[in-house]
Amino acid sequence: MTVEGPRLDARVDGDGVLLLVGEIDTYTAPELEESLAALPDSCTVDLSGVTFIDSSGLRVIVEAHSSRREGGGAVTLRSPSPSVERLLQIAGIVGHLDVEP
Amino acid sequence: MGDTGAERGGPSASPNGDLPIGDELAFRVAGSPDQVSYARHTVGQFLAARAVPAPVAQDVQLIASELVTNAMQHGAPGPIGIEVRVRSELDVTLTVANTGPVGALPPVSAWEPPAGLSVGGRGLGIVRRLSSDIEVLGDAHQATVVCRCAWERTS
């Protein structure tokens, strides 16, 4: 049985915003971690193109945000897709992460 | 898509158009990270074919992703079994089974997402919040988690 894993495309636009398109799970989370590590202390991640995310992805985002907070930075989440909204709500983390429409 | 599913239950619709009751799908995936998406997509396609509303199907897919990932990370190496049963479009049971001792799973009462931004396992807490009923079965050699998701009809 050979089945291709999920795809996550990550690129930084002209304003320095990280645009994510695809699925974030245990397979693609390391790619997200790498992309976040390359961003400045205060950064924005656009999640409008994320069709699926689970706790593996949330963990990477929370870690990136927490480590930046110590230095006064933050990871701001922009335009969360319905899948992201649902996870933030279920995980009880709404209000702990910076989210903008 | 790999041909790994052993679908039971026959065609998706009865002749008079009623929802099929008791339809189920059983399949296995290898315990490797790239298979988690295959598992949830297979579950999603099955639920969509049985007229399960998208928000309900999304929640079940999230549970599948969390349980398969957890089985992969904490169970013994080997394939992971997945079963989905649709009793009605608002009553779905998902079963995930892996080899390895059932004792590796914390008691369900401890499945809670960590508070605030503390880093820790959120997966099982998410599963608990999305499920109306959870049963953990097994012994020293295998572990099975059965999650029932039943939603109230709101309209």
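Per chain, numbering begins at 1; letters A, B, ... match sequence-line order. Atom set for the values below is all heavy atoms of this structure, side chains included, hydrogens, waters and symmetry mates excluded.
The distance from atom CG of B/N70 to atom CG of A/D54, rounded to the nearest 0.5 Å, is 11.0 Å. In this structure, OH in A/Y27 is found 11.5 Å from CE in B/M72, a value given to the nearest 0.5 Å.
With a threshold of 4.5 angstrom between heavy atoms, B/E112 does not approach chain A through any atom at all. Proximity to chain A (any heavy atom under 4.5 Å) is restricted, for B/P113, to the side chain, taken from C-beta onward. In this structure, chain B has heavy atoms under 4.5 Å from both the backbone and the side chain of A/I90. Only the side chain of A/L58 comes within less than 4.5 Å of a heavy atom in chain B; its backbone stays farther off.
The shortest distance between side-chain heavy atoms of B/S65 and A/E23 does not fall below 4.5 Å. A heavy-atom distance below 4.5 Å is not found between the side chains of B/R122 and A/L87.
Hydrophobic clustering (ILVMFWY, side-chain heavy atoms < 4.5 Å, transitive): B/V52 and B/W151 are in one cluster. A/L32 is not connected to A/V21 by any chain of hydrophobic side-chain contacts under 4.5 Å among Ile, Leu, Val, Met, Phe, Trp and Tyr, and they are in different clusters. Put simply, B/V146 and B/V84 are part of two different groups of oily side chains (I, L, V, M, F, W, Y) that touch within less than 4.5 Å, one to the next. Grouping the Ile, Leu, Val, Met, Phe, Trp and Tyr side chains by contacts below 4.5 angstrom, directly or via other members, places B/I134 with B/V92. With hydrophobic clusters built from ILVMFWY side chains whose heavy atoms lie under 4.5 angstrom apart, B/F46 shares a cluster with B/V56.
Of all non-hydrogen atoms in B/R40 and A/P6, the two that sit nearest each other are NH2-CB, 4.2 Å. Heavy-atom minimum distance, B/L117 versus A/V62: O-CG1, 3.3 Å.
Within 6.0 Å of CD in A/E34 there are 12 or fewer heavy atoms belonging to other residues, nucleotides or ligands.
Your options are A/A29, A/G95, A/P82, A/A91, and the one with the most heavy-atom pairs under 4.5 Å with chain B is A/A91.
A/S83 and B/Q58 form no side-chain donor-acceptor contact under 3.5 Å, judged by distance and modelled atom types alone.
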